[in-house]
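Worksheet for the structure shown next.
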Amino acid sequence: MRGIGPSPWKRLARRCRAVGLGACWLLAGLAGAAPAPMLVRFSHVVAPDTPKGLMVERFQALVAQRSGGRIRVAVYPDSQLYGDQDEIEALQLGAVEMLAPSLSKFSAMGVGGFEVFDLPFLFQDLGQVRCVTRGAIGRQLLEDLSRHRMVGLGFLDNGFKQMSAAKPLREPGDFKGLRLRIQASRVVAAQMRALGAHPVVLPFGETQRALASGVVDGTENPLSNFLSQGLAPVQAAVTLTDHGYLGYAVVANPRFWAHLAAPDRLLLQQALAEALEHGNRQSADLNAQALAALRQMPQVRVHALTPPQRDALRQAMQPVYADFQRRNGAPLLRRIQDECAP
Ligand code: LMR
């Protein structure tokens, strides 16, 4: 661990881990030495220059500054430590303390309400999403996570998803027969099937390789993810469909969270709230910058939709709603439409 010299420090760190943090401070006081910093491991799957990456870096900096270095957030980006197929399990087992998985990942593990965020063409803009995530519905969804050995701490936007492939995907017929990489989400899988495509669930970190080798033909994601994962060299056409939302929930391991001293928990909560604001302020700009960068790249063409083309995609995806309501009932969707109309 950074800042710990050879043997006496190592011995102290070992004792701290064995006896817990409170006793650790006591030992340190008795020994006249500063204890090892408390380590908060924050793992995620995207690049640092994305809304999630920037949010986590801000959180790390705020925590270091406000704790005077007493609490250290160690950030593991780009699926370095865990990929999206195993990061939630790692959190539940205590192998990491914090994560920010995409909302689809919670629906895949059975927290049904989160599926709503994957519904195609439900949200018109980020204002409508924030009405949901910052209100009673969002609070309830975060609370629901406690039944799955997670503490839900807040929401972060990435933005709206665009489609990519070797050719433009403007109309339902363009999707027919394509193998499209998706996150594990029943709603997104149903959406691709409704378009006549074959959904293929793959970890985010394997998407670039799968596209390059022809295992899949195309994918969907906001442009900041598309660009920072190096998908531009392997996808010749990006179609600006804005067909669905992609966001995240920050979660903590419940044991870690419950054992924090109250002032430390407050420090982390406040730093996170500011970091989430920071990330949310950046998300739209980052996606706009990614679009501008893609327009400059000779190997990629960016295609827009006409209003009738967008409408035809929306119509083709409608069966997904009936499917969603069969699993989750109608009330959640009705509440969103009533309380958070565009
Ligand atoms: C994905 O497609 O799996 C991503 O959107 C993951 C992420 O965390 O942004």
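None of these values were measured; they are calculated from a predicted model. One-based numbering, in listed order, for ligands and for the atoms of each. Numbers here are sequence positions counted from 1.
- Close approach of ligand 1 to Gln183 (heavy-atom distance below 4.0 Å) involves ligand atoms 1 (C), 2 (O), 3 (O), 5 (O).
- By the 3.5 Å distance cut-off applied to N or O atoms, Ser102 is not counted among the residues near ligand 1.
- A donor-acceptor contact under 3.5 angstrom links the side chains of Gln235 and Ser164, judged on distance only.
- Residue Leu246 touches ligand 1 through its side chain alone, judged by heavy-atom distances below 4.0 Å.
- For ligand 1, the atoms sitting less than 4.0 Å from at least one non-hydrogen atom of Asn225 are 4 (C), 5 (O), 7 (C), 9 (O), numbered in the order shown with element in parentheses.
- Among all non-hydrogen protein atoms, the one lying nearest atom 4 (C) of ligand 1 is Phe204 CD1, 3.5 Å.
- With ligand atoms numbered from 1 in the order given, ligand 1 contributes 7 (C), 8 (O) to contacts under 4.0 Å with heavy atoms of Lys52.
- On a distance-only criterion, Arg181 and ligand 1 share at least one N/O pair closer than 3.5 Å.
- A donor-acceptor contact under 3.5 angstrom links the side chains of Asn287 and Ser224, judged on distance only.
- Side-chain contact, Arg179 with His198: no donor N or O sits under 3.5 Å from an acceptor N or O.
- Distances between N or O atoms of Asn221 and those of ligand 1 include at least one value under 3.5 Å.
- The protein atom (non-hydrogen) at minimum distance from atom 6 (C) of ligand 1 is Lys105 NZ, 3.7 Å.
- For ligand 1, the atoms closer than 4.0 angstrom to any heavy atom of Val46 are 7 (C), 8 (O), 9 (O).
- One side chain, Asp118 or Ser104, offers a donor N or O that lies under 3.5 Å from an acceptor on the other.
- Neither side chain, Gln289 nor Asp285, offers a donor N or O lying under 3.5 Å from an acceptor on the other.
- To the nearest 0.5 Å, atom OG of residue Ser102 and atom NE2 of residue His44 are 13.5 Å apart.
- Per-residue contacts place Asp84 under 4.0 angstrom from the following atoms of ligand 1 (heavy atoms of the residue considered): 3 (O).
- Between Phe117 and Tyr245, the ring-plane angle classifies as tilted under the 30° and 60° cut-offs.
- Among protein heavy atoms, atom 9 (O) of ligand 1 sits closest to Tyr248 OH, 2.6 Å.
- Asn328 and Glu115 share a donor-acceptor pair across their side chains, judged by distance under 3.5 Å alone.
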